[in-house]
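Accompanying notes for the structure given below.
Letters go in sequence order (proteins before strands), and every chain restarts at 1.
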Amino acid sequence: GESVGLHLPTLSVQEGDNSIINCAYSNSASDYFIWYKQESGKGPQFIIDIRSNMDKRQGQRVTVLLNKTVKHLSLQIAATQPGDSAVYFCAEKAGGSYIPTFGRGTSLIVHP
Amino acid sequence: DGGITQSPKYLFRKEGQNVTLSCEQNLNHDAMYWYRQDPGQGLRLIYYSQIVNDFQKGDIAEGYSVSREKKESFPLTVTSAQKNPTAFYLCASSIYEGVYYTFGSGTRLTVV
(Lines give C-alpha, C1' and ligand atoms only; values in the text may rest on other atoms or scores of the structure.)
Protein backbone atom coordinates (compact mmCIF):
# COMPACT_ATOMS: atom_id res chain seq x y z
CA GLY A 1 0.00 0.00 0.00
CA GLU A 2 0.98 3.65 -0.13
CA SER A 3 3.14 4.70 2.78
CA VAL A 4 5.71 7.15 4.01
CA GLY A 5 8.88 5.62 5.28
CA LEU A 6 12.30 6.61 6.54
CA HIS A 7 15.68 5.26 5.57
CA LEU A 8 17.33 5.48 8.99
CA PRO A 9 15.65 5.09 12.36
CA THR A 10 18.54 6.72 14.27
CA LEU A 11 21.08 9.36 13.26
CA SER A 12 23.96 10.38 15.53
CA VAL A 13 25.96 13.52 14.79
CA GLN A 14 28.43 15.78 16.51
CA GLU A 15 27.43 19.27 17.56
CA GLY A 16 28.19 21.69 14.75
CA ASP A 17 27.87 19.11 11.99
CA ASN A 18 25.18 19.28 9.36
CA SER A 19 22.43 16.64 9.62
CA ILE A 20 20.46 15.09 6.80
CA ILE A 21 17.29 13.14 7.54
CA ASN A 22 15.75 11.25 4.66
CA CYS A 23 12.22 10.20 3.85
CA ALA A 24 10.82 8.10 1.02
CA TYR A 25 7.24 8.20 -0.12
CA SER A 26 5.38 6.01 -2.54
CA ASN A 27 2.17 7.90 -3.33
CA SER A 28 2.76 9.73 -6.57
CA ALA A 29 -0.41 11.74 -5.91
CA SER A 30 1.11 13.39 -2.84
CA ASP A 31 1.39 17.10 -3.39
CA TYR A 32 2.31 18.44 0.02
CA PHE A 33 4.97 17.39 2.48
CA ILE A 34 5.64 18.43 6.05
CA TRP A 35 8.44 17.88 8.52
CA TYR A 36 7.71 17.71 12.24
CA LYS A 37 10.03 17.65 15.23
CA GLN A 38 9.03 15.74 18.35
CA GLU A 39 11.00 16.14 21.54
CA SER A 40 10.81 13.45 24.18
CA GLY A 41 7.46 13.39 25.95
CA LYS A 42 6.00 16.18 23.84
CA GLY A 43 3.77 16.54 20.83
CA PRO A 44 5.20 17.08 17.32
CA GLN A 45 5.92 20.62 16.21
CA PHE A 46 5.79 21.89 12.64
CA ILE A 47 9.23 22.65 11.19
CA ILE A 48 8.88 23.28 7.49
CA ASP A 49 6.73 22.28 4.56
CA ILE A 50 7.05 22.05 0.81
CA ARG A 51 4.62 21.71 -2.06
CA SER A 52 5.15 19.45 -5.00
CA ASN A 53 5.69 22.38 -7.38
CA MET A 54 8.90 23.19 -5.52
CA ASP A 55 12.12 21.23 -5.12
CA LYS A 56 13.71 23.21 -2.32
CA ARG A 57 12.61 25.37 0.54
CA GLN A 58 14.71 27.00 3.22
CA GLY A 59 13.96 28.04 6.75
CA GLN A 60 16.09 29.04 9.67
CA ARG A 61 18.96 26.49 9.68
CA VAL A 62 16.72 23.97 7.92
CA THR A 63 16.29 23.11 4.27
CA VAL A 64 13.86 20.64 2.75
CA LEU A 65 14.63 19.09 -0.61
CA LEU A 66 12.05 17.28 -2.69
CA ASN A 67 12.92 14.91 -5.52
CA LYS A 68 9.69 13.86 -7.15
CA THR A 69 11.45 11.67 -9.68
CA VAL A 70 12.55 9.21 -7.03
CA LYS A 71 9.85 10.13 -4.49
CA HIS A 72 12.29 11.27 -1.86
CA LEU A 73 12.53 14.22 0.45
CA SER A 74 15.14 15.22 2.95
CA LEU A 75 15.52 17.59 5.85
CA GLN A 76 18.88 19.25 6.25
CA ILE A 77 19.78 20.89 9.53
CA ALA A 78 22.80 23.16 9.47
CA ALA A 79 25.17 23.46 12.41
CA THR A 80 23.27 20.91 14.47
CA GLN A 81 22.87 21.77 18.13
CA PRO A 82 22.08 19.60 21.16
CA GLY A 83 18.63 21.17 21.21
CA ASP A 84 17.98 19.61 17.82
CA SER A 85 17.97 16.16 19.41
CA ALA A 86 14.49 14.80 18.78
CA VAL A 87 12.49 12.50 16.55
CA TYR A 88 11.80 13.95 13.12
CA PHE A 89 8.74 12.89 11.14
CA CYS A 90 7.92 13.47 7.56
CA ALA A 91 4.29 13.51 6.49
CA GLU A 92 2.67 13.56 3.08
CA LYS A 93 -0.72 14.61 1.89
CA ALA A 94 -2.30 13.65 -1.36
CA GLY A 95 -4.49 16.03 -3.29
CA GLY A 96 -8.13 15.60 -2.33
CA SER A 97 -7.31 14.45 1.18
CA TYR A 98 -6.53 16.60 4.16
CA ILE A 99 -5.45 13.73 6.37
CA PRO A 100 -1.66 13.39 6.12
CA THR A 101 0.19 10.12 6.34
CA PHE A 102 3.01 10.17 8.85
CA GLY A 103 6.28 8.34 8.56
CA ARG A 104 7.77 6.26 11.35
CA GLY A 105 10.29 8.91 12.40
CA THR A 106 14.06 9.26 12.68
CA SER A 107 15.69 9.83 16.02
CA LEU A 108 18.40 12.49 15.79
CA ILE A 109 21.01 12.38 18.55
CA VAL A 110 23.42 15.29 18.78
CA HIS A 111 26.59 14.71 20.78
CA PRO A 112 28.20 17.78 22.38
CA ASP B 1 -1.81 32.34 23.91
CA GLY B 2 -3.75 30.03 21.66
CA GLY B 3 -3.04 26.37 21.87
CA ILE B 4 -4.24 22.85 22.38
CA THR B 5 -4.29 21.28 25.82
CA GLN B 6 -4.36 17.62 26.66
CA SER B 7 -4.98 16.29 30.13
CA PRO B 8 -3.88 14.48 32.10
CA LYS B 9 -0.26 14.08 31.06
CA TYR B 10 -0.05 10.63 32.65
CA LEU B 11 -2.94 8.26 33.22
CA PHE B 12 -3.10 4.83 34.75
CA ARG B 13 -6.01 2.49 34.19
CA LYS B 14 -6.92 -0.90 35.49
CA GLU B 15 -7.85 -3.54 32.99
CA GLY B 16 -11.56 -3.54 32.26
CA GLN B 17 -12.06 0.15 32.95
CA ASN B 18 -12.98 2.86 30.52
CA VAL B 19 -10.97 6.07 30.64
CA THR B 20 -11.47 9.45 28.97
CA LEU B 21 -8.67 11.65 27.68
CA SER B 22 -9.33 15.35 27.41
CA CYS B 23 -8.42 17.60 24.48
CA GLU B 24 -9.28 21.29 24.37
CA GLN B 25 -8.23 23.93 21.84
CA ASN B 26 -8.72 27.70 21.72
CA LEU B 27 -7.41 28.16 18.20
CA ASN B 28 -10.87 28.27 16.64
CA HIS B 29 -9.87 25.30 14.50
CA ASP B 30 -12.63 23.37 12.80
CA ALA B 31 -10.96 19.97 12.63
CA MET B 32 -9.62 17.87 15.48
CA TYR B 33 -7.84 14.53 15.50
CA TRP B 34 -6.71 11.77 17.80
CA TYR B 35 -3.55 9.80 17.10
CA ARG B 36 -1.92 6.92 18.87
CA GLN B 37 1.85 6.63 19.01
CA ASP B 38 3.68 3.46 19.98
CA PRO B 39 7.46 3.17 20.41
CA GLY B 40 9.27 3.07 17.09
CA GLN B 41 6.10 3.63 15.13
CA GLY B 42 4.53 6.53 13.32
CA LEU B 43 1.31 8.24 14.25
CA ARG B 44 -1.82 6.20 13.68
CA LEU B 45 -5.14 7.96 13.27
CA ILE B 46 -7.89 6.89 15.68
CA TYR B 47 -10.72 9.35 14.99
CA TYR B 48 -11.13 12.75 13.47
CA SER B 49 -13.81 15.40 13.38
CA GLN B 50 -14.26 18.12 10.79
CA ILE B 51 -17.19 19.89 12.38
CA VAL B 52 -19.21 19.84 15.59
CA ASN B 53 -21.45 16.81 16.10
CA ASP B 54 -19.70 14.88 13.35
CA PHE B 55 -16.70 12.55 13.42
CA GLN B 56 -15.18 9.74 11.37
CA LYS B 57 -13.23 6.62 12.18
CA GLY B 58 -9.57 6.56 11.42
CA ASP B 59 -7.35 3.56 10.81
CA ILE B 60 -7.53 2.09 14.32
CA ALA B 61 -10.90 3.15 15.78
CA GLU B 62 -11.81 -0.20 17.34
CA GLY B 63 -12.01 0.03 21.13
CA TYR B 64 -12.20 3.84 21.12
CA SER B 65 -15.04 6.35 21.09
CA VAL B 66 -15.21 10.15 20.72
CA SER B 67 -17.67 13.01 20.88
CA ARG B 68 -17.64 16.52 19.43
CA GLU B 69 -20.31 18.49 21.22
CA LYS B 70 -18.33 21.70 21.18
CA LYS B 71 -15.88 23.11 18.64
CA GLU B 72 -13.22 23.46 21.33
CA SER B 73 -13.40 19.96 22.76
CA PHE B 74 -12.79 16.47 21.38
CA PRO B 75 -12.53 13.90 24.22
CA LEU B 76 -11.37 10.37 23.53
CA THR B 77 -12.66 7.41 25.54
CA VAL B 78 -10.51 4.31 25.63
CA THR B 79 -12.89 1.48 26.33
CA SER B 80 -12.28 -1.91 27.89
CA ALA B 81 -12.68 -3.34 24.39
CA GLN B 82 -9.32 -1.88 23.38
CA LYS B 83 -6.99 -4.86 23.71
CA ASN B 84 -3.70 -3.01 23.96
CA PRO B 85 -4.39 0.51 25.21
CA THR B 86 -0.99 1.35 26.70
CA ALA B 87 0.38 4.07 24.42
CA PHE B 88 1.06 7.77 23.96
CA TYR B 89 -2.03 9.59 22.70
CA LEU B 90 -1.81 12.80 20.75
CA CYS B 91 -4.58 15.22 19.94
CA ALA B 92 -4.25 17.71 17.10
CA SER B 93 -6.29 20.41 15.44
CA SER B 94 -6.29 22.28 12.15
CA ILE B 95 -8.44 24.65 10.15
CA TYR B 96 -10.96 22.86 7.98
CA GLU B 97 -9.10 20.92 5.32
CA GLY B 98 -5.92 22.40 6.63
CA VAL B 99 -2.71 20.52 6.95
CA TYR B 100 -1.00 22.72 9.49
CA TYR B 101 -1.56 20.56 12.51
CA THR B 102 -1.14 21.92 16.00
CA PHE B 103 -0.49 19.08 18.39
CA GLY B 104 -1.10 18.84 22.09
CA SER B 105 1.62 17.64 24.44
CA GLY B 106 0.13 14.17 24.69
CA THR B 107 -1.26 11.82 27.31
CA ARG B 108 0.64 8.69 28.24
CA LEU B 109 -1.82 5.96 29.18
CA THR B 110 -0.65 2.89 31.04
CA VAL B 111 -2.84 -0.08 31.83
CA VAL B 112 -1.93 -1.71 35.13
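The same ILVMFWY cluster, assembled from side-chain heavy atoms under 4.5 Å apart, contains both A/Ile48 and A/Tyr88.
Heavy-atom distances place both the backbone and the side chain of B/Leu43 under 4.5 Å from chain A. Looking at B/Gln37, the atoms closer than 4.5 Å to chain A (heavy atoms on both sides) all sit in the side chain, from C-beta outward. Residue contact with chain B, scored on non-hydrogen atoms closer than 4.5 Å, involves the side chain of A/Gln38 exclusively.
Within 6.0 Å of CD in B/Glu62 there are 12 or fewer heavy atoms belonging to other residues, nucleotides or ligands. Counting non-hydrogen atoms of other residues, nucleotides and ligands closer than 6.0 Å to CD of B/Gln17 gives a total above 12.
For B/Tyr33 and B/Tyr101, the distance between ring centers is under 6.0 angstrom.
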